[in-house]
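Everything numeric in this text was worked out from a predicted model, so none of it was measured.
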Amino acid sequence: MNRKVTAFVLSAALAVTLAVPAFAAAETPNVAVCPRPEPVAQTETAAGETAEMETSVLYYGQITDIGTDEDGQLTRLQLQSERYGEYVMLINSDTVWIDSGSHAVSDPSDLEVGEWVYVYHSPVSTRSLPPQSQAYAVLRNMPQDVGAGQYAEIGEITDCEDGTYQLLTADGSMYLTVDGETVLTGYPDGETVQAADLQAGDRIVAWYDIALLSYPGQAYAHHVMVLPDVLSEGDQVTLELDGEASEITGRYEDGVVMIPVAAVAEALGFDVEYTPKGPNGVKARVAVESSDFRVEMTIGVREIFGVTTIPDAVGMTAPQDYGKAPYVVAPGTTWAPAELFEMLGKTVTLEGSQLSIQ
């Protein structure tokens, strides 16, 4: 549910080749030659090790059903893909709709069953069948002769001596060069954006034709669409728990919605257990438990994992990094990422500054 969305993971970029030849090693794109920031290290993980969780995942599939609420507002897309399987993408007011072929805003009112789309969505999915996940961006109309737009967050910007700008995506997987020929527009009005106004943390969709097969990749962006901000650092987030408004509030910190764990868990009907820190540097722990599953977290450690509590059953999730470690605020309130409740079968949805857990 991390709304400071980062994509551009190498695997997602390579997935675009399903539709278009966006990558080529034989040609060299017009990339900037200015000194680059230190790239983010590419880590390899062995069995049993914890890998940092992606903050956005690309799905390509065909719409099989379109869901709306009682007011006719679009709420979900059910999709099928031979490669990615069946999925339900949850839609809210922050989901952006883009016509990839025309580099413009798309109107979702004319969606039809049978249409093929790209969806950038939360890496966290419910344990239901089919799994459900929050859709961050839906890209439509992807002609075969152009590269599909790529969804990303800017991590660092380098102002090059030759007047170009080099954008390093927040996950460290791609350098994008922007110059005077690059078209920069805003979403949804299409107004012109100045390259000098781009900032780290901006969410973008970028179009390019060729990328060097290096790590990080390198590409020249011929069009960049700058997406609106969703929340700012320190903003208060109101909560809706199981369909009811709550007096409990969360906070937006470092791109993550943090919530007071015990208060929210108890309001949702879960049990909470706190284990204080022990001798020899043993850190305090907090567990949230349902009738058949238990989520465990350590104060100051970003990785959170879940285990089954069903008698004679064995099973646990891989440790997940939701972007920020749990911490304690005096006199003893533990704050942790709201997404941990998705391990317990809840759907966590952020619309503007309101978070729904149900």
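Contacts of Lys277 classified as side-chain contact (heavy atoms from CB on, under 4.5 Å), with partners at least two apart in sequence or in another chain: Ala284. Remark: Thr192 engages Gln194 in a side-chain contact (heavy atoms from CB on, under 4.5 Å) (not counting sequence neighbours). Residues passing the side-chain contact (heavy atoms from CB on, under 4.5 Å) test with Ala287, sequence neighbours excluded: Glu273, Arg294, Glu296. For Ser102, the side chain to side chain donor-acceptor pair (under 3.5 Å) partners two or more places apart in sequence, or in a different chain, are Asp99.
Judged by distance alone, with hydrogens and angles left aside, the side-chain atoms of Asp179 form no donor-acceptor pair with the main-chain N or O of Gly163 at under 3.5 Å. For Arg302 (side chain) and Tyr322 (main-chain N/O), no donor-acceptor pair under 3.5 Å exists by modelled atom type. Under the 3.5 Å distance criterion, the side-chain polar atoms of Thr126 are matched with a main-chain donor or acceptor of Gln132. Looking at Thr169, its side chain does come within 3.5 Å of a backbone N or O of Met174 through a donor-acceptor pair. For the pair Asp107 (side chain) and Ser109 (backbone), a donor-acceptor distance under 3.5 Å is present.
Taking CE of Met89 as the reference point, atom OG of Ser125 lies at 7.0 Å (rounded to 0.5 Å). The distance from atom CG of Leu176 to atom CD of Gln218, rounded to the nearest 0.5 Å, is 10.5 Å. The distance from the OG1 atom of Thr347 to the CD atom of Gln358 is 7.0 Å, given to the nearest 0.5 Å. Rounding to the nearest 0.5 Å places OG1 of Thr249 at 6.5 Å from CG of Leu239. Taking CD1 from Ile91 and OG1 from Thr349, the interatomic distance works out to 10.5 Å, rounded to the nearest 0.5 Å. The CG atom of Leu79 sits 9.0 Å away from the CD atom of Glu86 when rounded to the nearest 0.5 Å.
Closest of all the heavy-atom pairs between Leu355 and Ala338 is CD2-CB, 3.5 Å. When all heavy atoms are compared, the tightest approach of Trp335 to Gly250 is CZ3-CA, 4.0 Å. His121 and Ser133 get closest at one heavy-atom pair: ND1-OG, 2.9 Å. For Val119 against Ala135, the heavy-atom pair with the smallest separation is CG1-CB, 3.8 Å. Here the closest heavy-atom approach between residue Thr334 and residue Pro326 is recorded as CG2-CB, 4.5 Å. Scanning both residues, Gly186 and Val193, for their nearest heavy atoms gives N-CG2, 3.6 Å.
At a threshold of 4.5 Å between side-chain heavy atoms, the hydrophobic network of Ile, Leu, Val, Met, Phe, Trp and Tyr places Val301 and Phe305 in two separate groups. Put simply, Val96 and Val183 are part of two different groups of oily side chains (I, L, V, M, F, W, Y) that touch within less than 4.5 Å, one to the next. Under a hydrophobic-cluster definition in which Ile, Leu, Val, Met, Phe, Trp and Tyr are linked whenever side-chain heavy atoms come within less than 4.5 Å, directly or via other members, Val295 and Tyr274 are assigned to the same cluster. A continuous path of hydrophobic side-chain contacts links Val256 to Val329 [ILVMFWY only; heavy atoms under 4.5 Å].
Side-chain contact between Ser81 and Tyr87 is absent, with no heavy-atom pair separated by less than 4.5 Å. Glu303 places none of its side-chain heavy atoms less than 4.5 Å from the side chain of Thr298. Two residues are said to be in side-chain contact when any heavy atoms from C-beta on lie closer than 4.5 Å; Leu227 and Ile98 meet this criterion. At least one side-chain heavy atom of Glu181 sits under 4.5 Å from a side-chain heavy atom of Tyr220. Within the 4.5 Å cutoff, the side chain of Leu212 has no heavy atoms near those of the Tyr175 side chain. Between Ile259 and Ile248 the shortest side-chain heavy-atom distance does not fall below 4.5 Å. A heavy-atom distance below 4.5 Å is found between the side chains of Leu350 and Val237. Under the 4.5 Å side-chain criterion, counting only non-hydrogen atoms from C-beta, Val348 is not in contact with Val257.
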Chi angles and distances behind the side chain to side chain contact (heavy atoms under 4.5 Å, CB included) call for Val288, Leu268: CA-CA 11 Å; Val288 180; Leu268 292 170; over 6 Å; no
Verdict with reasoning, Tyr208 to Gln150, per side chain to side chain contact (heavy atoms under 4.5 Å, CB included): CA-CA 9 Å; Tyr208 56 87; Gln150 301 288 314; 3.7 Å; yes
Verdict with reasoning, Thr185 to His103, per side chain to side chain contact (heavy atoms under 4.5 Å, CB included): CA-CA 9 Å; Thr185 57; His103 304 181; over 6 Å; no
Check against salt bridge (charged side-chain N to carboxylate O under 4.0 Å, His left out), Arg140 and Asp110: CA-CA 11 Å; Arg140 309 171 63 195; Asp110 60 0; 2.9 Å; yes
Side chains of residues 62-76: which donor-acceptor partners sit under 3.5 Å, not counting sequence neighbours?
unit_1: Gln62; atom_1: NE2; unit_2: Gly114; atom_2: O; d: 2.9
unit_1: Thr64; atom_1: OG1; unit_2: Gln78; atom_2: O; d: 3.2
unit_1: Asp65; atom_1: OD2; unit_2: Arg76; atom_2: NH1; d: 3.2
unit_1: Asp69; atom_1: OD1; unit_2: Asp71; atom_2: N; d: 2.9
unit_1: Asp69; atom_1: OD1; unit_2: Gly72; atom_2: N; d: 3.0
unit_1: Asp69; atom_1: OD1; unit_2: Gln73; atom_2: N; d: 2.8
unit_1: Thr75; atom_1: OG1; unit_2: Gly67; atom_2: O; d: 3.2
unit_1: Arg76; atom_1: NH2; unit_2: Gln78; atom_2: OE1; d: 2.9

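Side chains of Thr182 and Tyr165: a donor-acceptor N/O pair is absent below 3.5 angstrom, by distance only. For Tyr327 and Glu253, the side-chain atoms include at least one donor-acceptor pair closer than 3.5 Å. If you check the side chains of Ser100 and Trp207, you find a donor sitting under 3.5 Å from an acceptor.
The hydrophobic cluster around Val88 extends to Leu90, counting ILVMFWY residues whose side-chain heavy atoms fall within less than 4.5 Å of a member.
Remark: of the listed residues Tyr136, Tyr151, Trp97, Tyr151 is the sole one forming a ring pair (Phe, Tyr, Trp, His ring centres under 6.0 Å) with Tyr120.
Between Tyr118 and Tyr60, the distance separating the two ring centers is shorter than 6.0 angstrom.
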